[in-house]
Amino acid sequence: VATQNRHDHWLTMDADALVITTGGSNENRLVITAPKAQIQNIQQGERSGLLTDEITWMATADDDPDEELTIQFSAAA
């Protein structure tokens, strides 16, 4: 069940924080962070028989223009 109305964010052009985390433990993780992500386009898609939202977004500058997108790796021990 969806918990966000991404179409409203798209129509109002509001920027929101985006955090994507993969991996299972603190020692094997990839974190992508965009403090101000802005949706540019949303289209319906299909993957393996399931409906999806194909979302195009851009990372916009925050207070520090060098931190619009960060990618952090934590190595496995």
May I ask you to test the [X]-[Y] pair for a side-chain heavy-atom distance under 4.5 Å?
X   : Y   : value
T52 : E54 : yes
K36 : D16 : no
I32 : L69 : yes
R6  : I42 : yes

Looking at T70, I71, L18, which one forms a side-chain contact (heavy atoms from CB on, under 4.5 Å) with T33? T70
Option among H9, M58, M13 that satisfies the side-chain contact (heavy atoms from CB on, under 4.5 Å) test with I39: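 Among H9, M58, M13, the one meeting side-chain contact (heavy atoms from CB on, under 4.5 Å) with I39 is H9.
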Working for side-chain contact (heavy atoms from CB on, under 4.5 Å), residues I20 and V31: CA-CA 6 Å; I20 301 170; V31 180; over 6 Å; no
I need the T21 OG1 to R29 CZ distance, nearest 0.5 Å.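 Nearest 0.5 Å value for the OG1-CZ distance: 6.0 Å.
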Mind checking the CG-CD spacing from D53 to Q43? Nearest 0.5 Å is all I need.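 Rounded to the nearest 0.5 Å, the CG-CD separation comes to 9.5 Å.
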Any side-chain to backbone donor/acceptor pair from W57 onto Q40? Under 3.5 Å, distance only. no
Determine whether T60 and E68 satisfy the following criterion, side-chain contact (heavy atoms from CB on, under 4.5 Å), listing intermediate values before the conclusion. CA-CA 6 Å; T60 58; E68 61 267 18; over 6 Å; no
Q44 atom CD, neighbour heavy-atom count above 12 within 6.0 Å: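 Counting neighbours around CD of Q44, 12 or fewer heavy atoms of other residues, nucleotides or ligands fall under 6.0 Å, so no.
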